[in-house]
Amino acid sequence: MPNSYLNTHPDEKGYFGKFGGSYIPPILEQPFADITKAYNELKNSPEFIKELKYVRKHYQGRPTPISFAKNLTEHCGGAKIYLKREDLNHTGAHKLNHCMAEVILAKHIGKTKVIAETGAGQHGVALATAAAYFGLECEIHMGEVDIAKEHPNVVKMKILGAKVIPVAHGNRTLKEAVDSAFDSYVPQADHAIYCIGSVVGPHPFPMMVRDFQSVIGFEAKEQFFEHEDNLPDNIVACVGGGSNAMGIFSAFIEDEKVNLYGVEPMGVGSMMGQHAATLTFGTEGVMHGFNSIMLKDENGEPAPVYSIGSGIDYPSVGPEQAYLKDIGRTKVGLCNDVEAVDAFYKLSQLEGIIPALESAHAVAYAMKLAKTLGKDKTILVNLSGRGEKDIDFIVDNHPIPNVKF
Ligand SMILES: *Cc1c(COP(=O)(O)O)cnc(C)c1O
């Protein structure tokens, strides 16, 4: 990795400060140790790097551009807003950045199947795509609430040849899908690999997924110079687990004058169950095999969470996000459902870009931030995905007044 922060974080046991680590049943210790070993060998292998570069360029559609949002900037009347266009990845979001790499890794260690959870369905579609491309079996666990909300992605996964397993317990969203995928993985660990959908889970996943996503930041750094001959003053990304945010932050962590904002979903209020603003309201705790900041209920169990963005309603957060906030390197922004829907329509109508509802949280926060800054300042938003998966939900639940759909 071309910067020293990334080479020294996490430590060998997978800790970012006190966050991270690996809290797994003994039966999974060997499979995870094997993955760590394989990754440490592979990441510097010219063959692996070449294969990954090849698929990113000739299949996935990288590099993704940076677009200047001229009309949105004028509308806000302050800092210039730029967009890193992860929505233009094949399958519509940044997720393919780590899925292609995880499946190459799976192949390398002789696995024939990939297993994962999905929230909005983006990770499931990306993994099903990578599995199809590389010829592996694919099993995706998804909460029933998300299945109803994200129907197009469910259909896509099935068309791509994946097996979709509905999860019917608890809140029936992302957290339960992770539990279910983990349970299914345990007896299949000899021939399958669990491909986590974000910078979460036990070591080495937070590190591995961050490294695979860091392509966003390293591309963006070069591209932003083409626009402004400078670094961005501010970078804004939405945070669910934190992978798209870590992806863009990675290349700028050592550039201390660049402000890094992770935006959390405030949903419909600050009471438990109304939001998923983990870094804002959470406390230290272990969930899904790693120590981080989490939202807890009165019994110390993961709290119910909610956001209009299905990919960001998770009661924990990647350990590196918790660490970077703790040491003061990143700041946390908030955006509620109403602001996200407003940004969804604003970006669509002012820029011709329909964003994912998750990404709309970052856009909304950037709009608020732009208004507080001078016209000489810049904001780079990581537009993590496109909104086609959300269209049916939006027109049914938040239609435009006087427009007949
Ligand atoms: C999955 C997803 C997210 C949230 O995941 P992170 O790991 O926090 O990036 C954000 N935006 C889109 C479009 C997604 O699909």
Side-chain angles (χ1 to χ4, degrees), residues 64 83-99 102 116-127 129 140 142 146 149-150 152-153 156-157 173-175 177-178 195-201 205-206 208-210 212-217 235-250 261-265 276-279 288 292 305 307-322 324 330 332-333 335 340 343-344 347 353-365 381-390:
T64 58
L83 309 167
K84 175 63 171 163
R85 302 290 307 281
E86 291 304 297
D87 59 312
L88 295 178
N89 274 292
H90 178 43
T91 73
H94 67 290
K95 299 276 193 327
L96 207 57
N97 294 332
H98 69 257
C99 286
E102 282 181 334
E117 78 295 338
T118 194
Q122 293 299 102
H123 178 60
V125 168
L127 193 63
T129 299
I140 302 294
M142 188 170 187
D146 293 330
K149 190 158 143 198
E150 309 286 355
N153 275 344
K156 277 187 202 165
M157 284 185 270
T173 60
L174 185 55
K175 191 229 147 232
V178 177
C195 290
I196 292 171
S198 186
V199 285
V200 299
F205 282 94
M208 223 162 68
V209 173
R210 174 206 62 195
F212 296 149
Q213 288 293 345
S214 70
V215 65
I216 302 174
I235 295 181
V236 177
C238 66
V239 174
S243 69
N244 87 86
M246 274 324 304
I248 195 158
F249 291 171
S250 292
Y261 292 92
V263 182
E264 297 199 307
T278 307
L279 290 166
H288 292 155
S292 187
V305 283
S307 164
I308 195 171
S310 304
I312 47 178
D313 59 352
Y314 185 60
S316 185
V317 67
E320 194 168 12
Q321 293 287 354
L324 290 171
T330 56
V332 179
C335 165
F344 174 91
L347 198 71
I353 300 170
I354 303 177
L357 281 172
E358 294 82 3
S359 323
H361 285 72
V363 175
Y365 189 77
V381 179
N382 196 22
L383 199 70
S384 53
R386 68 177 86 125
E388 63 182 43
K389 68 183 174 58
D390 299 312

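Both counts, for ligands and for their atoms, begin at 1 and track the order of listing.
The shortest side-chain heavy-atom distance between Ile216 and Lys84 falls under the 4.5 Å cut-off. Taking the side chain as every heavy atom from C-beta outward, Asp87 and Ser359 never approach each other to under 4.5 Å.
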Practice prompt. Please step through salt bridge (charged side-chain N to carboxylate O under 4.0 Å, His left out) for the pair Lys156 and Glu388, ending with a clear verdict.
Written response: CA-CA 12 Å; Lys156 277 187 202 165; Glu388 63 182 43; 3.1 Å; yes

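In this structure, CG on Leu279 lies 7.0 Å from OG on Ser292, to the nearest 0.5 angstrom. The line from CZ of Phe344 to CD of Glu358 is 10.5 Å long, rounded to the nearest 0.5 Å.
Near Gly385, with a cut-off below 4.0 Å to any heavy atom, the atoms of ligand 1 are 13 (C). Every atom of ligand 1 is numbered from 1 in the order shown, and the set under 4.0 Å from a heavy atom of Cys238 is 10 (C). Remark: ligand 1 atoms within the under-4.0 Å shell around heavy atoms of Ile312 are 4 (C). Every atom of ligand 1 is numbered from 1 in the order shown, and the set under 4.0 Å from a heavy atom of Gly240 is 8 (O). Close contacts between ligand 1 and Ala356 involve ligand atoms 13 (C) [criterion: under 4.0 Å to a heavy atom]. When each atom of ligand 1 is checked for a heavy atom of Gln122 under 4.0 Å away, the hits are 15 (O). Which parts of ligand 1 touch Ser243 is read off a 4.0 Å heavy-atom cut-off, strictly below it: atoms 6 (P), 7 (O), 8 (O), 9 (O).
Ring orientation note: the planes of Tyr314 and His288 are close to parallel, at an angle under 30° on the 30°/60° scale.
Remark: ligand 1 and Ala93 share no N or O pair separated by less than 3.5 Å (distance only, no angle test).
Here the heavy atom of the protein found nearest to atom 4 (C) of ligand 1 is Gly311 O, 3.3 Å. Looking only at heavy atoms of the protein, atom 11 (N) of ligand 1 is closest to Ser384 OG, 2.7 Å.
Using 4.0 Å as the threshold, Ala120 has no heavy atom nearer than that to any atom of ligand 1. Contact analysis puts His94 in contact with ligand 1, with a non-hydrogen atom separation below 4.0 angstrom. Ligand 1 has Lys95 within reach: a non-hydrogen atom of the residue lies less than 4.0 Å from it.
Of the N and O atoms on the side chains of Asn153 and Glu150, not one donor lies less than 3.5 Å from an acceptor on the other residue.
Few gaps surround CG on Leu88; more than 12 heavy atoms of other groups in view lie less than 6.0 Å from it.
Between Glu102 and Lys95 there is no salt bridge, since no side-chain nitrogen of the basic residue lies less than 4.0 Å from a carboxylate oxygen of the acidic one.
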